[in-house]
**Q** 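Here's a structure for you.
So you know, we letter chains A, B, ... as the sequences are listed, proteins then strands, and number each from 1. It should be emphasised that the depicted structure is a prediction, and the values quoted were computed from it without experimental measurement.
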Protein chains: 2
Amino acid sequence: MDSAKRERLESKGWKVGNAVDFLNLSPEEVLLIEIKLALADSLRKRRQKRMTQAQLAEKLKSSQPRVARAECGDASVSIELLVRAMLATGATPKDIGKAIAVAGKGGNPLPEA
Amino acid sequence: MDSAKRERLESKGWKVGNAVDFLNLSPEEVLLIEIKLALADSLRKRRQKRMTQAQLAEKLKSSQPRVARAECGDASVSIELLVRAMLATGATPKDIGKAIAVAGKGGNPLPEA
DNA sequence: CTCTTGCATATCGAATTTGATATAATCGCT
DNA sequence: AGCGATTATATCAAATTCGATATGCAAGAG
């Protein structure tokens, strides 16, 4: 039953890009990645409702390509940037906390905001 | 009524270290700092219950001085490291989400874990 | 008082993350 | 099909963050 989770991780640059086998990741490393992916998903959904990647990039004083990578959960994007991006969409600490709390649960992706 | 909040921020390296006046920070920048401070507080409380800074540093594959800075909410510590440190104390995404969700509320510091 | 233990501060080269830029792919529309 | 707008991918130098090391400071034990 790890296959779904594993598939989600491998699709981004996480496995090949890091040259580490999924099964060799410690539980903490897996959780960290899942937190990033949860933030990335939430970010994309929030952003799509309000603006374009380029517009968010401007608010963030970053660039559109970096926003794209953030939303993809790319391995080169830090939690720091993900959180700043969330804030730039108007998210509150509560919103961000909720997004993180749910990380690692493969749950239904629909009821997300 | 900003004085309490402001005092909390100024005490760390946030104002002088960054050479930016507190009042010139955007709301998003303030929230980001408050999230870091909330994580830092939570980290210290969790860590103190379980181990020494040096022990946590080893689990983290980091160093005791960096853990100290993390717990102080030092400006040179990223959210990334704070989250990794939380995970290393055994925190779940839920725990981390809760810690972040209360950021910015000057609330009673006692009922924290 | 002296030792030890735990935490804080300073510095520094190495590694990671960043924004910028160029460019390609994709979608919606006519 | 052709076009404009949006998003994805690649590269790279600059900035930030990192771990390591050295050292200072405080509190408790003996």
**Q** Through what angle, rounded to 10 degrees, does the axis of the helix from dC1(C)-dG30(D) to dT30(C)-dA1(D) turn between its ends, using five pairs per end?
**A**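 Inter-axis angle at the termini of the helix from dC1(C)-dG30(D) to dT30(C)-dA1(D): 50°.
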**Q** Roughly, in whole Å, what's the span from CD in Glu80(A) to C1' in dA15(D)?
**A**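 So the CD-C1' distance, Glu80(A) to dA15(D), works out to 13 Å.
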**Q** For Gln55(B), is there any backbone N or O sitting under 3.5 Å from a side-chain donor or acceptor partner on Thr52(B)?
**A**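 Judged by distance alone, no pair lies under 3.5 Å.
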**Q** Donor-acceptor check, side chain of Ser42(B) to backbone of Leu39(B), threshold 3.5 angstrom: yes or no?
**A**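 It does not hold such a pair.
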**Q** Rounded to the Å, how far apart are Arg47(A) CZ and dT6(D) C1'?
**A**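 Checked: the CZ to C1' distance equals 9 Å.
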**Q** How would you list, by chain and number, every residue that makes a side chain to side chain donor-acceptor pair (under 3.5 Å) with Glu80(A), sequence neighbours excluded?
**A**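 Glu80(A): side chain to side chain donor-acceptor pair (under 3.5 Å) contacts with Lys36(B).
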**Q** For residues 82-96 of chain B, pull every pair meeting salt bridge (charged side-chain N to carboxylate O under 4.0 Å, His left out), keeping only residues two or more places apart or in separate chains.
**A** Arg46(B)-Asp95(B)
**Q** Under 4.0 Å from any heavy atom of chain A: name the first and the last nucleotide of DNA chain C that qualifies, 5' to 3'.
**A** dT17(C) to dA22(C)
**Q** Could you list all N or O pairs between the protein and nucleotides 26-30 of chain D that sit under 3.5 Å apart?
**A**
none

**Q** Which whole-number value in Å describes the distance from Arg69(B) CZ to dT16(D) C1'?
**A**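 That distance rounds to 14 Å.
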**Q** Start with the C-alpha gap between Ser76(B) and Arg66(B), add the side-chain angles, then the distance that decides, and say whether side chain to side chain contact (heavy atoms under 4.5 Å, CB included) holds.
**A** CA-CA 9 Å; Ser76(B) 86; Arg66(B) 191 127 277 268; 3.5 Å; yes
**Q** To the nearest 0.5 Å, what is the distance between OG1 on Thr92(B) and CD1 on Ile100(A)?
**A** 11.5 Å
**Q** Roughly how far, to the nearest 0.5 Å, is CZ of Arg69(A) from OG of Ser62(A)?
**A** 11.5 Å
**Q** Could you measure the distance from the CG atom of Leu87(B) to the CG atom of Leu82(B)? Nearest 0.5 Å is fine.
**A**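 Atom-to-atom, Leu87(B):CG and Leu82(B):CG are 11.0 Å apart.
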**Q** Whether Thr52(A) contacts dA5(D) is assessed here as follows: a side-chain N or O lying under 4.0 Å from the phosphate OP1 or OP2. Is that the case?
**A** no
**Q** Going from CD1 on Ile35(B) to CD1 on Ile96(A), what distance comes out if it is rounded to the nearest 0.5 angstrom?
**A** 4.0 Å
**Q** How far does CG of Leu37(B) sit from CG of Leu32(B), to the nearest 0.5 angstrom?
**A** 9.5 Å
**Q** Check the surroundings of atom CD in Gln64(A): do more than 12 heavy atoms from other residues, nucleotides or ligands lie under 6.0 Å from it?
**A** yes
**Q** Atom CG of Leu60(B) and atom CE of Met86(B): how far apart are they, to the nearest 0.5 Å?
**A**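 Interatomic distance, Leu60(B) CG to Met86(B) CE, rounded to 0.5 Å: 12.0 Å.
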**Q** Between Arg47(B) (side chain) and Met51(B) (backbone), is there a donor-acceptor pair under 3.5 Å?
**A**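 At least one qualifying donor-acceptor pair exists.
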**Q** Return the residues of residues 54-66 of chain B meeting this criterion: a heavy atom under 4.0 Å from some atom of DNA chain C. Order them by number, or give none.
**A**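 Within this stretch, Gln64(B), Pro65(B) sit under 4.0 Å of the strand.
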